[in-house]
Amino acid sequence: MKTAEKIMEALPLGGRDAARLVLEVCEELGERVAGLDGRSLICLLRRVIRLGVEELERQEHTVSFETAVWASVEARAERRPTTRRDLRHYARRLLRVEGVASRPLRAMNTGECRKLLQAAFGGSVSSFRKGRAMLHSVFAYGMRQEWCAENPVARVEVPRVQEREIVPLRREEVERLEAAVQQPEHRAMRLSLHLLLYCGLRPQEVARLQMQDVQTERGCVVVPGRCSKTGGGRVVPLRKSAALCDGRLRIPRNWEERWRRLRRAAGFAPGQWVPDVCRHTFASYHAAWFKDLGALQLEMGHRSADLLRSRYLNLPRVEEALRFWGVGKYPGGRRIRG
């Protein structure tokens, strides 16, 4: 007894406390301790202690939220420059929320993540969704590094986006753009405008294209994975290609600024222009004339036709579709008026 008391002098525990702890461990082990002699029981308890310490160290291993955020961003260094820029932007918005940067990643729970997203992105549903995706990726990366045991963002609800109707460009608006691009200062954007209106490419996709991707001899434009929004490539027919038989066609540098200037030259004020309206125009006129949602889905690069049905199909009249595509006749051969 005296030996036990001497051993316990180094710890802030009495013999009774130590005995109670041993008893609790044995009760947790249940049938594992049944029939063991003293030596075997001591070996088992030592093993439990060793494994418990390892698990405690594993659970306490973590980093600050700020360290995890920037490590997650750095892990995606191979992404496109615009994607990396967006990641850094959303990372800074998260870290600007007071008190979050120094929080241990493992200690953060779903409620805290929900409040963080609301504080950083609560003013916009679209920004909230993007911020949530960013935060989810931080914890996913943290789990791979064993800095946290779970992803609390998985239980944060994704707000629904109220899709607003986007009206395709009217024929006179298309003509204004086509007239503006004939002006000497905007002629470098002829090919770009054609790809936006008659191939349905996204502005960012056009800006990233290289001239070898525009294959006029094959009558198509190849949108490689490096250019597309989703990372998947596709091939789009190059319709009305007679207008492109010009060796001077190119994708100019400083593309975004040139695209803004062309829209202004066509009479569109900045507040009037709806992002991706050219893509919506292409989809609507394509569906009105070709009546093939399967083909349109492939050309748009969508995984299913559901988005086409819910958002893109604001169908113009057949006469307008004919004029848009420059067909000039109904399928039966009767010419249209005007």
Side-chain angles (χ1 to χ4, degrees), residues 166-224 226-229 233-268 272-290 292 295-302 308 312 314 316 320-328:
I166 296 182
V167 179
L169 295 171
R170 301 187 305 275
R171 183 58 207 169
E172 55 268 27
E173 292 173 318
V174 172
E175 290 171 351
R176 278 159 47 191
L177 284 166
E178 291 177 332
V181 85
Q182 298 302 324
Q183 299 172 14
E185 62 271 31
H186 300 302
R187 285 183 65 83
M189 291 293 289
R190 284 179 59 209
L191 175 60
S192 298
L193 180 63
H194 193 96
L195 296 175
L196 291 167
L197 280 175
Y198 300 110
C199 297
L201 270 62
R202 300 176 179 92
Q204 298 87 345
E205 292 173 338
V206 176
R208 296 170 188 154
L209 280 182
Q210 298 178 8
M211 281 309 301
Q212 62 262 30
D213 301 324
V214 183
Q215 302 180 8
T216 53
E217 68 284 355
R218 292 180 54 200
C220 66
V221 54
V222 178
V223 184
R226 60 177 166 76
C227 296
S228 72
K229 177 181 177 180
R234 66 188 192 275
V235 178
V236 183
L238 201 56
R239 298 184 178 89
K240 301 185 68 170
S241 57
L244 300 178
C245 297
D246 188 337
R248 294 171 295 176
L249 294 174
R250 60 191 176 95
I251 306 292
R253 295 181 178 180
N254 196 19
W255 193 90
E256 291 185 5
E257 177 57 29
R258 286 178 176 272
W259 177 221
R260 281 193 291 269
R261 292 205 304 259
L262 175 61
R263 298 198 307 262
R264 287 198 297 269
F268 293 98
Q272 287 182 301
W273 188 260
V274 178
D276 275 347
V277 69
C278 288
R279 186 167 163 85
H280 284 259
T281 300
F282 165 81
S284 297
Y285 283 109
H286 188 294
W289 174 243
F290 296 102
D292 188 341
L296 179 56
Q297 173 193 331
L298 292 175
E299 293 181 31
M300 297 282 282
H302 290 164
L308 291 174
Y312 281 90
N314 189 325
E320 295 171 344
L322 291 172
R323 293 190 181 96
F324 179 83
W325 293 112
V327 180

**Asked** Gln210: what forms a side-chain hydrogen bond (donor to acceptor under 3.5 Å, both in side chains) with it, not counting sequence neighbours?
**Response** Gln212
**Asked** Taking all atoms of both residues into account, what is the closest heavy-atom pair of Val235 and Cys220, and its distance?
**Response** CG1-CB, 3.8 Å
**Request:** Please report the closest heavy-atom contact between Leu193 and Leu177, naming both atoms and the distance.
**Result:** CD2-O, 3.6 Å
**Message:** Are Arg226 and Asp213 packed together at the side-chain level, in the sense that at least one heavy-atom pair is separated by less than 4.5 angstrom?
**Reply:** yes
**Request:** State, with a plain yes or no, whether a side-chain heavy atom of Phe282 is found less than 4.5 Å away from one of Leu201.
**Result:** no
**Request:** Taking side-chain contact (heavy atoms from CB on, under 4.5 Å) as the test, write out the residues that go with Ala179, two or more places apart.
**Result:** none
**Prompt:** Under the side-chain contact (heavy atoms from CB on, under 4.5 Å) test, which residues partner Pro252, sequence neighbours left out?
**Reply:** Ala188, Met189, Ser192, Arg250, Trp255, Arg258
**Message:** Do Phe290 and Glu299 make a side-chain contact, defined as non-hydrogen atoms from C-beta onward lying under 4.5 Å apart?
**Reply:** no
**is_close_aromatic(Tyr198, Tyr285), centroid dist under 6.0 Å** = no
**Request:** Kindly write out the residues that satisfy salt bridge (charged side-chain N to carboxylate O under 4.0 Å, His left out) with Arg234, not counting sequence neighbours, or none if the list is empty.
**Result:** Glu205
**Request:** Working to the nearest 0.5 Å, report the span between NE2 of His286 and SG of Cys199.
**Result:** 10.0 Å
**Asked** Does Glu256 have any side-chain hydrogen bond (donor to acceptor under 3.5 Å, both in side chains) partners at least two apart in sequence or in another chain, and if so, which?
**Response** none
**Message:** Using a strict threshold of under 4.0 Å (side-chain N to carboxylate O), is an ion pair present between Glu257 and Arg260?
**Reply:** yes
**Request:** For Glu173, enumerate each residue passing the side-chain contact (heavy atoms from CB on, under 4.5 Å) test, keeping only those at least two apart in sequence or located in another chain.
**Result:** Leu169, Arg170, Arg176, Phe268
**Message:** I need the minimum non-hydrogen distance between Leu197 and Phe324, along with the two atoms involved.
**Reply:** O-CZ, 3.4 Å
**Message:** For Arg208, give me all partners under side-chain contact (heavy atoms from CB on, under 4.5 Å), at least two apart in sequence or on another chain.
**Reply:** Arg80, Thr82, Gln204, Cys227
**Asked** Taking only residues two or more places apart in sequence, or in another chain, which ones meet Arg218 in a side-chain hydrogen bond (donor to acceptor under 3.5 Å, both in side chains)?
**Response** Gln215
**Prompt:** Quick check: does any side chain N or O of His280 sit under 3.5 Å from a backbone N or O of Pro275, one acting as donor and the other as acceptor?
**Reply:** no
**Message:** Using every non-hydrogen atom in the two residues, find where Val206 and Ile251 come nearest and quote the distance to one decimal.
**Reply:** O-CG2, 3.5 Å
**Request:** Heavy atoms only: give me the nearest Leu296-Ala287 pair and the separation to one decimal.
**Result:** CD2-CB, 4.2 Å
**Sequence-distant partners of Glu217, side-chain hydrogen bond (donor to acceptor under 3.5 Å, both in side chains), two or more places apart** = none
**Prompt:** Can you find a heavy atom in the side chain of Leu195 that is under 4.5 Å from one in the side chain of Leu238?
**Reply:** yes
